[in-house]
Each structure stands twice: as C-alpha cells, then as structure tokens.
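The sequence lines fix the lettering, A, B, ..., with proteins before strands; numbering per chain opens at 1.
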Amino acid sequence: MILRTHYSGDINAEMDGKEVTLAGFAHETRDLGGIAFLVLRDRKGLAQITLVKKLLGKEAFKSARSISRESVVLVKGTVKAEPKAPRGFEILPGEVQVLNPAQVPLPLDPTEKVECELDTRLDARFMDIRRPSVLAAFEIESAVLESLRGFFRENAVTEVFTPKIVAAATEGGTDLFPISYFEKEAFLNQSPQLYKQMLMGAGMDRVFEIGPIFRAEEHDTRRHLNEAVSIDLEVSFADDKAVMEILEQAVAGAYRHVAENCRYQLEVLGLDLKVPSLPFRRITYSEALGLAADKAGAKMQWGDDLDTETERFLGQSIGEHYFLTDWPSSIKPYYTLPYEDHPEVCRGFDLMHPRMELASGAQRVHDYEQLVGRIKEKGLDPDGFEFYLKAFRYGMPPHAGWGLGLSRLVMTMLNLENIRDAVIFPRDRKRLVP
RNA sequence: GUCCGGAUGGUGUAGUGGCCCAUCAUGAAAGCCUGUCGAGCUUUCGACCCGGGUUCGAAUCCCGGUCCGGGCGCCA
C-alpha cells in the first residue's frame with residue numbers, strides 16, 4: 001500500500017473538489033490565529049494545507065498548527081481552487097496525521113532561507129537533500145544516467161560490470177586503496193580500463209559500464225574525489241575519431257534530455273540549460289600549446305602535461321566544450337595507440353568543458369608485441385599484466401573507447417561550485433562519513 | 001603535501017585590546033492575530049574550537065594543536 005495518492009506537484013486548481021492524500025515533510029507553518037497554513041513538501045514541490053479553526057475544531061486545529069518543522073506528515077483532504085493560495089489551490093484537510101515527529105533544533109535550514117556551509121551540509125546530508133535545490137541536482141543526475149543508458153541501447157552497446165576488487169596495481173602510477181582479501185592483498189580498482197579491453201577480445205564488440213572507481217591520490221580540490229562514478233565505453237573496429245563522435249553525441253544528448261525532462265528541477269535551480277551544439281571543436285595538443293604561448297608567461301614545453309593555468313586559459317578562450325587531441329605519447333598511458341608515421345604523438349583525446357576535463361579516451365593498442373613494448377617503455381613489468389595481455393594473443397580487434405566522469409558532467413552542466421555538490425555522499429581526502 | 005584565509009548560539013553572521021554578562025538574521029519556547037505565501041507583533045532561550053602565553057584587562061594579540069574553506073601540486 002502506498003500512503004499518498006498524489007505528489008504536491010501533481011495537483012492544480014483544475015482538481016477542485018478532488019479528495020487527495022499527500023505525504024511528506026512539514027516545510028513550515030504560518031499561524032494567524034483562527035487560520036493557519038501548513039506547507040507540505042515532497043520531492044515534487046510544495047502544497048499549502050489550510051487549517052481553519054472553525055472547520056477542524058479546537059483540538060485538531062491546535063495539534064495541527066503545532067507540528068514541528070520537518071516532521072513527517074500525512075494529509076487527507078480536499079483540493080480547493082483558491083486564487084489567494086500559492087499556485088492557485090490549497091488543501092482543506094479532513095485529517096492531519098504526524099507519522100514521525102522531527103526533533104528541534106534542526107541541523108540546518110531546509111527552507112533555504114539561511115545559508116549553510118558545505119561541511120555542515122555534508123555532515124547532515126539527509127537533511128541537506130531535503131532542500132529543493134540540492135534534490136534537484138540529484139534528480140537531474142538520474143536523468144543524465146537515463147539518457148546515457150538510452151543512448152547506449154540505441155547504439156547496441158552492452159552494459160557490463162567488471163570487478164572493483166582487483167589483484168594488482170594494474171596500470172602503475174596511480175595510488176590504489178589496498179584492502180585485505182582473505183589471505184591475499186587486493187586493491188580497489190581505479191578504472192575498468194583493462195577489463196573493458198579484455199571484453200573486446202571476448203567478442204562483446206561494444207560495452208559500457210557505469211560504476212564506481214577509486215583513487216587513493218591525495219588531491220584536495222573542488223573537482224577531485226577519491227570515489228567517483230565513471231561512465232566507460234569501449235567499441236571494437238572503431239578508431240579514436242569514431243568514439244569521439246559517440247562521446248559528443250552522448251553528452252549533447254544528456255543535455256537535451258535534461259532540458260526536456262527536468263523543467264521543474266531546472267526552474268528550482270534557476271537554470272536556463274543550453275544544449276551544446278555539435279560537433280565540438282577539435283584542437284590538437286600542439287595547437288593548444290600555440291594558443292597558450294600567445295599568453296604572457298606561458299612556459300609549457302612540448303611533452304608537458306597541461307597545467308591547471310593553461311587548461312583554464314584554453315577553457316576561457318574557447319568558451320564551450322572541445323576536444324584536445326593528438327597528445328604526446330609520453331604522457332598518455334601505454335594502451336594508447338601512437339600514430340604509425342609519427343609515434344611521438346598518439347591517438348588519445350580529452351573532452352574538455354571550459355572549467356575542466358570531463359573525459360579521456362583513445363584508440364587502443366591492439367597488437368600484442370606493441371603493447372608489451374609500450375608497457376616496458378613506461379617502466380612497467382609485463383609480467384604483472386599477464387591476465388590482460390593474454391587476451392591480446394588470440395585475436396584482438398582494433399578498438400577505441402573513453403571514460404567520462406559522471407559528477408563532472410553534472411557539475412559543469414548545472415554550474416555547481418564544488419564536485420561534492422554532485423555526489424550524494426562524497427568521499428574525499430578527509431571525509432569518510434556519512 | 002604546500003601556500004593563503006578562516007573557526008562566535010542549532011544554522012548563517014557582526015565584532016582588530018576595555019564601549020561585549022557579545023550584533024543581526026534565521027530558529028526554538030510562550031502568547032496575540034481568519035488569507036498567510038521569507039507573514040506580522042510581544043516576551044523569553046541559546047555561542048566566542050582546544051591548550052598555553054602576553055596584558056591591569058583577550059572573541060580580538062602571540063605560540064602550539066585540531067578542524068574547515070580556497071589556490072597550487074598530485075590526477076594510469
């Protein structure tokens with residue numbers, strides 16, 4: 001049995017006279033003596049419950065108007081068209097029931113009248129998410145996932161799950177979280193990269209995975225997390241250019257889906273979402289260095305990874321999504337395919353939003369000998385990759401793919417200040433609870 | 001990790017040596033009020049991160065610590 005018949009947002013003045021049952025939280029009350037207004041909040045909005053002393057009787061009126069803020073309430077009543085009420089209707093209750101009272105004082109103000117620091121909000125995240133603008137971001141995140149899954153389905157991509165508990169630091173470099181796994185040491189996986197490539201060798205042809213990744217890096221910024229959700233794609237018989245087109249379509253499609261299906265949430269956030277136009281600009285790494293060199297003080301050498309300052313400069317001058325392509329092979333991972341005629345440059349790319357990197361991808365090395373050579377060049381030991389390399393000895397299709405950060409996509413889409421605003425229970429350098 | 005800034009009622013803040021048994025808003029408690037919609041009005045409640053020091057006197061200055069924010073670094 002579901003207790004409510006309607007959400008607040010589903011009710012309008014045309015429903016005058018209809019019996020409804022609403023369930024939610026007591027957002028606030030305004031008590032005028034002989035009449036009082038109880039505002040009920042659920043995930044679709046607010047509804048005014050009008051309490052009239054003469055209609056309810058003295059006792060019922062007294063108890064209804066003294067409900068503490070944020071208590072869980074159930075209201076059975078009649079919709080009444082009322083021009084004086086917000087949104088043109090109010091609920092005249094037959095019964096107001098407190099299903100569970102809230103203690104006072106509250107850890108923060110869910111009506112958003114008083115500002116609240118991020119740290120305080122995260123400590124009481126359950127209460128923070130009651131704030132409509134916070135909830136709106138997570139509902140939009142869900143819509144983004146719905147859009148992406150739909151897009152993958154249309155393109156005949158198979159959804160898979162790969163292990164998050166792995167045996168070794170499979171890619172070298174990045175710090176992994178060690179865990180205890182019975183009598184063995186194990187790690188939380190930093191990326192599904194090696195597994196999705198192995199699935200190309202398995203003949204699955206096109207796979208995607210949406211799942212958590214873990215990085216033990218000590219970064220401490222507004223755009224990094226130690227646990228994140230990655231959207232990964234890998235496609236056989238495709239090159240880097242092909243998967244870049246898939247990526248830009250996926251991103252633009254997510255924007256379009258949100259613009260069309262999340263009007264209420266966008267209104268709550270005060271956003272006029274603009275769908276980025278396709279295709280995104282393609283800029284090579286060398287061109288990017290040239291652009292940055294025009295700016296005084298740029299001291300990037302060819303072969304350096306782009307520093308934050310250069311990245312920001314490029315973002316500001318371009319002002320929309322763009323791809324950075326043709327990176328130096330030396331700064332991309334071993335599985336990135338170098339160009340045949342000039343191997344110092346590789347078929348790796350990053351998808352950039354003016355504020356930050358959103359995704360990175362590449363055409364992969366699919367030749368066994370070349371892959372072993374690249375692993376050695378990076379100073380890694382091929383023996384540690386045997387489980388992966390094995391898949392390259394028995395026929396590996398050429399393939400390409402990418403990984404896209406979900407929270408960064410949502411953060412940049414909604415212009416959120418901090419990536420923690422795009423994660424329900426974020427894990428960062430210092431936070432492990434809630 | 002590093003540089004800079006910060007920590008004052010439940011929440012957000014004002015307060016640069018005495019004018020502070022600490023400001024304002026929100027909140028909470030009690031009361032008045034029949035159309036509020038950030039309702040209004042009256043009364044009340046509730047705080048200087050921890051430890052040490054300087055000083056006649058410290059929320060305020062100094063030292064150490066803890067925690068938080070921002071920048072950078074790190075980011076296969």
Side-chain angles (χ1 to χ4, degrees), chain A residues 27-39 46-56 61 65-66 68-70 80 82-90 92 102-124 127-128 131 166 168-176 187 189-194 213-226 228 230 305-312 330-336 348 350 356-357 360 362 374-375 378-380 384-385 388 403 405 408 417-420 428-431:
Chain A
H27 189 65
E28 55 189 344
T29 53
R30 284 183 284 275
D31 183 356
L32 278 71
I35 189 169
F37 303 98
L38 166 67
V39 179
L46 305 173
Q48 173 169 295
I49 316 300
T50 302
L51 308 165
V52 183
K53 194 177 194 173
K54 275 195 266 181
L55 297 179
L56 280 173
F61 179 77
R65 76 179 188 183
S66 61
S68 65
R69 294 198 314 156
E70 296 305 314
K80 185 188 170 206
E82 174 54 74
K84 283 184 283 189
R87 293 175 51 223
F89 75 88
E90 63 191 10
L92 294 177
Q103 280 186 11
V104 292
L106 301 171
L108 51 81
D109 171 27
T111 66
E112 306 191 75
K113 279 185 275 194
V114 181
E115 285 302 301
C116 194
E117 288 190 351
L118 184 61
D119 195 48
T120 306
R121 293 172 45 208
L122 293 177
D123 281 340
M127 183 68 70
D128 183 47
R131 308 200 308 161
V166 297
T170 49
E171 298 179 48
T174 303
D175 292 320
L176 304 187
F187 300 91
N189 207 184
Q190 64 188 111
S191 154
Q193 180 64 33
L194 305 189
I213 57 171
F214 305 91
R215 304 194 175 185
E217 290 141 13
E218 305 236 359
H219 37 44
D220 189 7
T221 77
R222 287 191 289 177
R223 58 189 187 283
H224 287 96
L225 293 164
N226 293 291
S230 176
D305 205 349
L306 299 186
D307 58 26
T308 309
E309 190 188 356
T310 305
E311 215 173 79
R312 187 175 307 134
S330 56
I331 54 173
K332 284 292 177 188
Y334 58 81
Y335 48 73
T336 309
D350 283 359
M356 70 191 78
E357 177 188 333
S360 65
R374 287 277 288 156
I375 288 172
K378 294 285 179 182
L380 299 168
F385 297 88
Y388 164 70
R408 285 186 173 195
E417 289 285 305
N418 194 307
I419 198 159
R420 293 160 182 80
D428 61 36
R429 181 67 187 84
K430 290 160 184 171
R431 182 173 287 278

| Between A/Glu82 (CD) and B/rU34 (P), how many Å, whole number? | 17 Å

| query | For A/Asp128, which contact category applies under a 4.0 Å heavy-atom criterion: base, sugar-phosphate, or nothing? | reply | nothing

| message | Checking contacts here: which listed nucleotide (B/rG10, B/rC72, B/rU34) is nearest the side-chain heavy atoms of A/Arg223? | response | B/rC72

| said: Can you see if the side chain of A/Arg222 gets near the phosphate of B/rG71 - specifically, an N or O under 4.0 Å from OP1 or OP2? | reply: yes

| Whole-Å gap separating C1' (B/rG5) and CG (A/Asp119) | 16 Å

| message | For a ring-ring contact (aromatic ring centres under 6.0 Å, His included) check, start with the C-alpha distance between A/Tyr335 and A/Phe385, then their side-chain angles and the critical distance, and finish with the verdict. | response | CA-CA 12 Å; A/Tyr335 48 73; A/Phe385 297 88; 9.7 Å; no

| Parallel, tilted or perpendicular: which fits the ring planes of A/Tyr334 and A/Tyr388, with parallel below 30° and perpendicular above 60°? | perpendicular

| task | Looking only at side-chain atoms of A/Lys113, point me to the closest of B/rG12, B/rU36, B/rG27. | result | B/rG27

| message | Roughly how many Å apart are B/rG70 and B/rG57, using the C1' atom of each and rounding to a whole number? | response | 36 Å

| task | Let me know the distance between CD1 of A/Ile419 and P of B/rG70, rounded to the nearest Å. | result | 12 Å

| query | Looking at B/rG38, B/rC75, B/rU11, which one has an atom nearest to any side-chain atom of A/Glu217? | reply | B/rC75

| task | Sticking with atom P, work out how far B/rC67 lies from B/rA29, rounded to a whole angstrom. | result | 35 Å

| task | Identify which nucleotide among B/rG35, B/rG12, B/rC72 has an atom closest to any side-chain atom of A/Thr50, counting heavy atoms from C-beta outward. | result | B/rG35

| Across the strands shown, which category fits A/Pro107 at heavy-atom distances under 4.0 angstrom: base, sugar-phosphate, nothing? | sugar-phosphate

| query | Does the distance from a Lys or Arg side-chain N to an Asp or Glu carboxylate O, for A/Lys53 and A/Asp31, drop under 4.0 Å? | reply | no

| field | Rounded distance in Å between the P positions of B/rC45 and B/rG10 | value | 15 Å

| field | Of the listed nucleotides B/rU11, B/rC72, B/rU34, the one nearest the side chain of A/Arg312 | value | B/rC72

| task | Could you give the distance separating B/rC50 and B/rU8 at their C1' atoms, to the nearest angstrom? | result | 15 Å

| request: Tell me what A/Lys54 touches on the nucleic acid: a base, only sugar-phosphate, or nothing, going by heavy atoms under 4.0 Å. | output: base

| Which whole number of Å gives the distance between the C1' atom of B/rU43 and that of B/rC61? | 40 Å

| request: Classify the nucleic acid contact of A/Gln48 as base, sugar-phosphate or nothing, counting any heavy atom under 4.0 Å across all strands shown. | output: base

| message | Can you give me the closest heavy-atom contact between A/Glu70 and A/Leu106, atom names plus distance? | response | CG-CD1, 3.7 Å

| query | Any donor-acceptor pair under 3.5 Å joining the side chain of A/Glu90 to the base of B/rG35? | reply | yes

| said: Nearest to the A/Asn418 side chain among B/rU34, B/rC33, B/rG70, which nucleotide is it? | reply: B/rG70

| Atom P, compared across B/rG5 and B/rG9: separation rounded to whole Å | 22 Å

| field | Pair A/Arg429 + A/Asp220, salt bridge at N-O below 4.0 Å | value | no

| task | Find the distance A/Glu115:CD to B/rG69:C1' and express it as a whole number of Å. | result | 15 Å

| request: Round to the nearest Å and state the distance from A/Ile213 atom CD1 to B/rC75 atom C1'. | output: 11 Å

| field | Separation of the C1' atoms in B/rG17 and B/rU60, to the nearest angstrom | value | 7 Å

| Distance in angstrom units between A/Glu28 CD and B/rA28 C1', rounded | 15 Å

| Euclidean distance for P, B/rU23 against B/rA14 (whole angstrom) | 15 Å

| How would you label the contact of A/Arg87 with the nucleic acid (heavy atoms, under 4.0 Å): base, sugar-phosphate, or nothing? | nothing

| request: Flag the pair A/Asp350 and A/Lys332 as a salt bridge only when some basic side-chain nitrogen lies within less than 4.0 angstrom of an acidic carboxylate oxygen. | output: yes

| field | Residue whose nearest RNA chain B nucleotide is more 5′ - A/Ala85 or A/Ser68 | value | A/Ser68

| field | N/O donor-acceptor pair, side chain A/His224 with base B/rC75, under 3.5 angstrom | value | yes

| request: Select base, sugar-phosphate, or nothing to describe what A/Asp305 touches, counting heavy atoms under 4.0 Å on all strands. | output: nothing

| query | Among side-chain atoms of A/Asp307 and A/Thr310, is any donor-acceptor pair under 3.5 angstrom? | reply | yes

| Member of A/Ile49, A/Leu51, A/Thr29, A/Thr50 meeting the side chain to side chain contact (heavy atoms under 4.5 Å, CB included) criterion with A/Phe37 | A/Thr50

| query | Expressed in angstrom and rounded to an integer, what is the separation of A/Leu108 atom CG from B/rG10 atom P? | reply | 14 Å

| task | Between A/Leu118 and A/Arg429, name the one whose nearest nucleotide on RNA chain B is closer to the 5' end. | result | A/Arg429

| query | So what does the secondary structure string of RNA chain B come out as, 5' to 3', with Watson-Crick or wobble pairs under 3.5 angstrom, [ ] for crossing and | for pairs with another strand? | reply | (((((((..(((.....[.....)))((((((.......))))))...(((((..]....))))))))))))....

| request: State the CG-CD distance between A/Asp128 and A/Glu112, to the nearest 0.5 angstrom. | output: 8.5 Å

| What does A/Thr221 touch in the nucleic acid at a heavy-atom separation under 4.0 angstrom: a base, only the sugar-phosphate, or nothing? | base

| said: What is the distance, to the nearest angstrom, from the CZ atom on A/Arg69 to the P atom on B/rU11? | reply: 13 Å

| task | Scan A/Glu218 against the nucleic acid and name what it touches under 4.0 Å (heavy atoms): base, sugar-phosphate only, or nothing. | result | base

| query | More than 12 foreign heavy atoms under 6.0 Å from CD of A/Glu115: is that the case here? | reply | no

